[in-house]
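For reference, the structure discussed in these notes is given below.
FYI, side chains are in, hydrogens and waters are out, and symmetry mates aren't considered; it's all heavy atoms of this structure. Residues take their numbers from the sequence shown, with the count starting at 1.
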Amino acid sequence: MIQEKTRTVASGYLALLVLPAMTLVFGWLFVRAAQVGNEVAAVLYALVVLVLFICYKGFFMVHPNQAKVLQLFGTYVGSVRQTGLRWANPFYSKVPVSLRVRNFESEVLKVNDNSGNPIDIAAVVVWKVVDSAEAVFEVDDYESFVKIQSEAALRNLATSYPYESHSEEQVALRSDPQAIAEKLRDEVQDRLEKAGVQAIEARISHLAYAKEIASAMLKRQQAQAIVAARRQIVDGAVGMVQMALSELKAQGVVDLDEERKANMVCNLLVVLCGEENAQPVLNAGSLY
């Protein structure tokens with residue numbers, strides 16, 4: 001595996017002063033040698049001027065949050081991260097690699113969750129290159145690699161967890177977004193590490209049941225909500241009935257036998273649990 005090694009090169013501003021000055025000097029010497037008929041000196045000065053012109057190819061710019069990967073005839077010699085105008089061997093090939101933070105949003109993928117239900121899911125991955133050598137030499141196209149591997153990690157995550165939790169201990173895609181985001185980032189990082197890329201953050205940006213089961217799942221969610229609401233209503237009603245019977249007995253308002261208690265409990269539960277307001281019926285006669 002080829003890992004990044006920092007390469008220090010000469011300042012381009014210094015070379016920008018030295019090379020033109022040397023070009024003028026040896027150009028003038030070439031003209032003088034040609035005027036006096038010194039062919040050997042003229043050829044020598046002409047070669048020096050040619051070499052100086054080749055050296056002009058060594059200038060290159062390094063922008064902030066950018067690295068230039070240097071190669072000499074196919075051999076990796078280092079990466080330059082010093083910003084500004086730089087000068088290096090003119091025979092070096094220089095490949096720019098952006099070190100800026102970038103984000104990638106996947107397409108909406110249709111996968112089956114852990115329970116086998118088809119769902120639509122998408123994610124946003126925030127990433128950056130941390131090793132320019134690995135990004136250039138270990139994979140063919142690191143940007144395409146990030147896209148494909150992020151989607152593969154998202155598919156694998158979606159098949160590992162259910163859409164909704166069926167118990168308090170179970171992690172689900174919808175009910176545990178923070179835990180799912182951390183697991184997604186870790187899985188994406190494991191896949192991108194070989195390309196010299198760091199996954200800074202990964203979060204689900206879209207999550208829904210697939211269209212073919214969305215209506216059925218909506219009905220199930222509504223039924224679960226109704227059952228939960230009814231359970232809460234019944235728990236409250238039972239507590240109120242129990243409190244009423246205890247207060248009546250403690251204050252000696254009325255002494256009810258078991259049959260009358262059962263009748264009273266039934267009436268109170270109907271009043272408290274009914275969806276519509278109860279119509280009271282006044283009893284003007286004896287309780288018995």
Side-chain angles (χ1 to χ4, degrees), residues 1-104 125-149 189 191-200:
M1 179 180 292
I2 301 177
Q3 294 183 333
E4 179 181 312
K5 54 184 179 181
T6 304
R7 179 82 175 187
T8 303
V9 296
S11 171
Y13 301 104
L14 178 62
L16 192 60
L17 296 175
V18 174
L19 287 178
M22 293 181 64
T23 303
L24 291 175
V25 170
F26 283 98
W28 180 79
L29 292 175
F30 168 75
V31 173
R32 288 296 304 272
Q35 289 176 348
V36 300
N38 189 344
E39 297 179 356
V40 176
V43 172
L44 179 61
Y45 292 141
L47 291 176
V48 173
V49 172
L50 179 61
V51 171
L52 290 174
F53 275 112
I54 294 175
C55 289
Y56 281 99
K57 293 186 61 178
F59 288 101
F60 63 97
M61 292 286 294
V62 181
H63 301 286
N65 280 328
Q66 186 187 57
K68 287 291 181 71
V69 179
L70 306 180
Q71 297 181 71
L72 180 62
F73 305 124
T75 301
Y76 173 63
V77 296
S79 299
V80 179
R81 294 199 180 196
Q82 298 167 293
T83 59
L85 181 63
R86 296 291 157 185
W87 185 89
N89 188 329
F91 295 101
Y92 284 165
S93 64
K94 307 166 185 72
V95 180
V97 177
S98 174
L99 305 178
R100 297 181 178 93
V101 176
R102 287 178 273 185
N103 61 74
F104 158 73
V125 179
V126 181
W127 62 279
K128 69 175 182 177
V129 175
V130 294
D131 192 306
S132 58
E134 289 183 346
V136 173
F137 300 116
E138 294 299 327
V139 294
D140 187 49
D141 184 349
Y142 66 90
E143 292 184 354
S144 176
F145 186 81
V146 169
K147 177 180 178 181
I148 294 174
Q149 293 300 322
Q189 179 60 46
R191 295 170 180 265
L192 300 183
E193 190 171 4
K194 65 184 68 175
V197 174
Q198 176 187 1
I200 301 174

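- You'll find the side chain of Phe145 stays beyond 4.5 Å of the side chain of Val197, heavy atoms only.
- Ring geometry for Phe91 versus Phe73: interplanar angle of 30 to 60°, hence tilted.
- Taken from CG in Leu50 to OG1 in Thr23, the straight-line distance is 11.0 Å, to the nearest 0.5 Å.
- In this structure, Lys128 and Asn65 have side chains that are not in contact, with every pair of non-hydrogen atoms separated by 4.5 Å or more.
- Annotation: side chain of Tyr56 is in contact with side chain of Pro20 (closest heavy-atom distance under 4.5 Å).
- A heavy-atom distance below 4.5 Å is found between the side chains of Lys68 and Pro96.
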For this session: Take Asp131 and Glu138 through the side chain to side chain contact (heavy atoms under 4.5 Å, CB included) test and state the conclusion after the steps.
Result: CA-CA 10 Å; Asp131 192 306; Glu138 294 299 327; over 6 Å; no
Problem set entry | Stepwise side chain to side chain contact (heavy atoms under 4.5 Å, CB included) test for Arg81 and Glu4 | CA-CA 11 Å; Arg81 294 199 180 196; Glu4 179 181 312; 2.9 Å; yes
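- We find the CG-CG distance between Leu44 and Leu29 to be 10.0 Å, quoted to the nearest 0.5 Å.
- The two residues Val49 and Gly27 have their closest heavy-atom pair at CG2-N, 3.8 Å.
- Using a 4.5 Å heavy-atom cutoff, the side chains of Ser79 and Lys5 are not in contact.
- At distances below 3.5 Å, not a single donor-acceptor pair connects side-chain atoms of Gln71 with backbone N or O atoms of Ser93.
- Inter-residue side-chain proximity for Gln82 and Val9 is flagged as met; some heavy-atom pair is nearer than 4.5 Å.
- The heavy-atom pair separating Leu70 from Tyr92 by the smallest distance is CD1-CD1, 3.9 Å.
- Partner of Val129 under the side chain to side chain contact (heavy atoms under 4.5 Å, CB included) criterion, out of Glu143, Arg100, Arg102: Arg102 alone.
- Taking 4.5 Å as the limit, every side-chain heavy atom of Glu134 sits out of range of all side-chain heavy atoms of Lys194.
- Here the CD1-CG distance, from Ile54 to Asn89, works out to 11.0 Å after rounding to the nearest 0.5 Å.
- By the 4.5 Å heavy-atom criterion applied to side chains, Tyr76 and Val136 are not counted as neighbours.
- Note that the CZ atom of Phe26 and the CG atom of Leu52 stand 7.0 Å from one another [nearest 0.5 Å].
- Counting heavy-atom neighbours within 6.0 Å of Lys147 NZ, excluding the residue itself, gives a total of 12 or less.
- Minimum interatomic distance between Ala42 and Ala33 (heavy atoms only, all atoms of both residues): N-CB, 3.7 Å.
- Here the side chain of Trp87 pairs no donor or acceptor atom with the backbone of Leu14 at under 3.5 angstrom.
- Closest approach of Pro64 to Thr83, counting heavy atoms only: CA-CG2, 3.7 Å.
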